[in-house]
Amino acid sequence: MFSPDDTIVAIATPPGRGGLGVVRISGPASHAIARDLLDRVDPLQPRHATLARLRTVDDVIATLFAAPHSYTGQDVVEISAHGSPVVLRAIVESAMGAGARLAEPGEFTLRAFLNGRLDLVQSEAVADLIDAATPLQARTAFDQLEGTLTRRIAQIDRTLFELTARLEASLDFPDEGYHFIDPGDVRGALIAIAAEVDSLLGDARRGRTIREGATVVVAGRPNVGKSSIFNYLSGHQRAIVTAVPGTTRDLVSERIDLDGVAVTLIDTAGLRETADVVEREGVDRARQAAGVAALLLVVLDQSEPLRDDDRRILNETRGRDRIVVRNKIDLRRAWSDDEIGDRMTDVSASTGAGMSELRTLIVRELTGRESLRDAPAVSNVRHIALLERARAHLAHAAAAAGDGARMPEEFLLTDLQQARAAFEEVTGKRTTDDLLHHIFERFCIGK
Ligand SMILES: Nc1nc2c(ncn2[C@@H]2O[C@H](COP(=O)(O)OP(=O)(O)OP(=O)(O)O)[C@@H](O)[C@H]2O)c(=O)[nH]1
Ligand SMILES: [Mg+2]
């Protein structure tokens, strides 16, 4: 990848105007380059905010973080200027004129990783924290940044390391005629480790939904109140509501925070056969959106007799993750439960009745849990896949060790080594350039 000996520069604050803007420089030449930019002969004192004048324009505050006590582990200079894109670009260009190179996305954090300031879980957590759209997403990311998952994996790996060493000793001294460790103990130890991995994975689905968010689609025939429910859940009158069937033609989408889960809620055109070309296009889009949703809200209108369109939608969505929502419960009921045979949740988009129950139900369907207050240990699908792989090797080894009489050390060792390799890939002790590239390219420039 890119040489860590280059000195890199980038604007660290978001594009646009702001009260402050920060330019960050990292690398062996960063102090020299900063002194070149600033109209200043004295060296900067590490960790002292220093008021200085730029050679171009603006007064700035410059702070030197001397290696290794910086974000990247290298000499870093942060220059805080007024948040003008013109000023910030001028600083970057002067730094480039003085020998710096423009940073690639994520390159500061990549350096922090390569210099051992952060492991891979923590580096990924930096990106998650920046991307967080709900407080719970932020808390989950910060937990991982603080090293909670890293520590739990390190603990598992220590036990595995010890077990591996004893099995290897048994292999190295076969003539001693005894095992350095009792087969029963091996099995017990493996089962205990597998249980620890299970406890990490137990919450993985919820973790993943919290990290990635989920798409929820509101579907149903025209006029049942889809847009009204959509508006209620999103908290404002985003979609047009009228008494005319076929009002919604396009997909309307809103990001909402449901108890910490970042939900993309999508309102759709009412599903029915129609001769109107515009509406037909809307119906096609509704079907496509429903096809990829993590969860469907299938809306029925309890104030009117069920129609063929309702029954068709119920049939089409059977087997999908869905909540059947019976809307307009403020009006007289026109049909009975037996006509559906499905569990339903009752709401009124007009009065708001049942809406908080609906919210809770959505969260439960998406995460398997009703309350989400605590941050899950794992949330990243890469970590989940590796932990599952480690778990499979541990189970395989535990089964082999359980056979008793003659313990097949070689087989056990292969599985244990593969399990350890999976753990090391999570934390980044073992990586490939491809993996690093894949992880760091999703960062923004300047991070
Ligand atoms: N009484 C009552 N009326 C409702 C309720 N929800 C929606 N309505 C009314 O039902 C009509 C249709 O509501 P919409 O939200 O536009 O229905 P829709 O399913 O989005 O309709 P299309 O976009 O045409 O598919 C409007 O007149 C709403 O005011 C409810 O809970 N109670
Ligand atoms: Mg609508």
Side-chain angles (χ1 to χ4, degrees), residues 215-256 258 263-293 295-318 320-337 339-340 342-362 365:
T215 302
V216 176
V217 164
V218 191
R221 70 158 168 84
N223 225 37
V224 289
K226 297 178 298 301
S227 299
S228 306
I229 291 173
F230 171 88
N231 286 344
Y232 198 99
L233 290 174
S234 59
H236 55 268
Q237 301 305 312
R238 172 82 168 76
I240 299 171
V241 168
T242 74
V244 183
T247 300
T248 306
R249 300 296 184 87
D250 218 333
L251 300 179
V252 185
S253 114
E254 234 356 57
R255 294 263 286 181
I256 59 174
L258 273 193
V263 167
T264 304
L265 189 66
I266 301 182
D267 183 25
T268 62
L271 297 169
R272 67 168 169 186
E273 294 295 322
T274 169
D276 183 310
V277 278
V278 181
E279 193 181 350
R280 199 154 59 212
E281 177 63 28
V283 170
D284 282 348
R285 290 179 185 208
R287 284 190 199 287
Q288 281 168 20
V292 298
L295 176 68
L296 296 172
L297 304 185
V298 178
V299 183
L300 304 172
D301 176 348
Q302 78 140 16
S303 72
E304 287 186 5
L306 283 176
R307 302 192 189 160
D308 288 347
D309 281 330
D310 294 312
R311 294 203 174 80
R312 191 173 310 122
I313 294 159
L314 284 167
N315 275 329
E316 278 174 13
T317 58
R318 210 173 294 285
R320 294 284 311 272
D321 275 335
R322 71 174 186 189
I323 298 173
V324 181
V325 182
R326 181 159 52 187
N327 188 33
K328 308 196 190 181
I329 56 166
D330 53 298
L331 301 177
R332 253 200 69 233
R333 185 188 287 194
W335 45 275
S336 75
D337 289 13
E339 292 185 58
I340 300 285
D342 231 285
R343 272 202 44 201
M344 285 171 286
T345 186
D346 289 343
V347 301
S348 164
S350 298
T351 67
M355 282 296 181
S356 83
E357 289 83 353
L358 177 59
R359 275 204 186 89
T360 308
L361 205 56
I362 294 173
E365 287 294 320

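When a residue number appears, it is its place in the shown sequence, counting from 1. Counting starts at 1 for both ligands and their atoms, in listed order. Computation of the quantities below employed the complete heavy-atom set of this structure, encompassing side-chain atoms and omitting hydrogens, waters and symmetry-equivalent molecules.
- Closest to atom 26 (C) of ligand 1 by heavy atom, among Thr242, Ile240, Asn327, is Thr242.
- Of all the atoms in ligand 1, the ones that sit under 4.0 Å from a non-hydrogen atom of Leu331 are 1 (N).
- Here the rule is side chain to side chain contact (heavy atoms under 4.5 Å, CB included) with Leu233, and of Leu265, Val263, Val347 only Leu265 fits it.
- By the 3.5 Å distance cut-off applied to N or O atoms, Asp267 is not counted among the residues near ligand 1.
- Every atom of ligand 1 is numbered from 1 in the order shown, and the set under 4.0 Å from a heavy atom of Gly270 is 25 (O).
- Listed by number with element, the atoms of ligand 1 under 4.0 Å from a non-hydrogen atom of Pro222 are 25 (O).
- At distances below 3.5 Å, not a single donor-acceptor pair connects side-chain atoms of Arg221 with backbone N or O atoms of Pro245.
- At under 3.5 Å, a nitrogen or oxygen of Val224, whether backbone or side chain, sits near a nitrogen or oxygen of ligand 1.
- Here Leu296 contributes atom CG and Ile266 contributes atom CD1; the two are 10.5 Å apart, rounded to the nearest 0.5 Å.
- Close contacts of ligand 1 with Ala243, meaning ligand atoms under 4.0 Å from a residue heavy atom, involve 27 (O).
- In Val299, neither the side chain nor the backbone holds a heavy atom less than 4.0 Å from any atom of ligand 1.
- The pair Asp310-Arg307 does not count as a salt bridge, with every side-chain nitrogen at least 4.0 angstrom from each carboxylate oxygen.
- The ligand atoms of ligand 1 that sit less than 4.0 angstrom from a heavy atom of Pro245 are 24 (O).
- Between Arg311 and Glu339 there is a salt bridge, since at least one side-chain N of the basic residue sits less than 4.0 Å from a carboxylate O of the acidic one.
- For Gly220, the closest heavy-atom approach to ligand 1 does not fall below 4.0 Å.
- Under the 4.5 Å side-chain criterion, counting only non-hydrogen atoms from C-beta, Phe230 is not in contact with Thr248.
- If you check the side chains of Thr247 and Thr242, you find a donor sitting under 3.5 Å from an acceptor.
- No donor-acceptor pair closer than 3.5 Å links the side chain of Asp321 to the backbone N or O of Leu295.
- Any N or O atom pair closer than 3.5 Å counts here, and Val347 shares no such pair with ligand 1.
- Taking a cutoff of 4.0 Å between a charged side-chain nitrogen and a carboxylate oxygen, Arg238 and Asp267 do not qualify as a salt bridge.
- Here the options are Ile329, Leu331, Asp330, the test is side chain to side chain contact (heavy atoms under 4.5 Å, CB included), and the partner is Ser350; only Asp330 passes.
- Rounded to the nearest 0.5 angstrom, Asn327 CG and Ile229 CD1 are separated by 4.0 Å.
- For atom 8 (N) of ligand 1, the closest non-hydrogen atom on the protein side is Lys328 CE, 3.7 Å.
- Not one N or O of Val241 is nearer than 3.5 Å to an N or O of ligand 1, by distance alone.
- Taking a cut-off of 2.8 Å, the protein N, O or S atoms nearer than that to the Mg ion (ligand 2) are Ser227 OG, Thr248 OG1.
- Considering only non-hydrogen protein atoms, atom 31 (O) of ligand 1 sits nearest to Ala349 N, 2.9 Å.
- The main-chain N or O of Val325 is never found under 3.5 Å from a side-chain atom of Thr345 such that the two would form a donor-acceptor pair.
- Scanning Ala353, Ala219, Ser228 for the heavy atom closest to atom 14 (P) of ligand 1 points to Ser228.
- Ionic pairing of Arg272 and Glu279 is present here: one or more N-O contacts between side-chain nitrogen and carboxylate oxygen are shorter than 4.0 angstrom.
- Under a cut-off of 6.0 angstrom, the local environment of CZ in Arg318 is crowded, with over 12 non-hydrogen atoms contributed by other residues, nucleotides or ligands.
- Ser350 OG, 3.5 Å is the protein heavy atom nearest to atom 4 (C) of ligand 1.
- Proximity of Val244 to ligand 1 is established by a heavy-atom distance of less than 4.0 Å.
- To the nearest 0.5 Å, atom CZ of residue Arg333 and atom CG of residue Asp301 are 12.0 Å apart.
- What sits closest to atom 25 (O) of ligand 1 on the protein, heavy atoms only, is Lys226 NZ, 2.8 Å.
- With a 4.0 Å heavy-atom cut-off, ligand 1 is reached by the backbone of Thr247 and by its side chain too.
- Among protein heavy atoms, the minimum distance from atom 21 (O) of ligand 1 is reached at Asn223 N, 3.0 Å.
- The environment of Asn315 atom CG is dense: over 12 non-hydrogen atoms of other residues, nucleotides or ligands sit within 6.0 angstrom.
- Scanning the protein for heavy atoms near atom 1 (N) of ligand 1, the closest one is Asp330 OD2, 2.8 Å.
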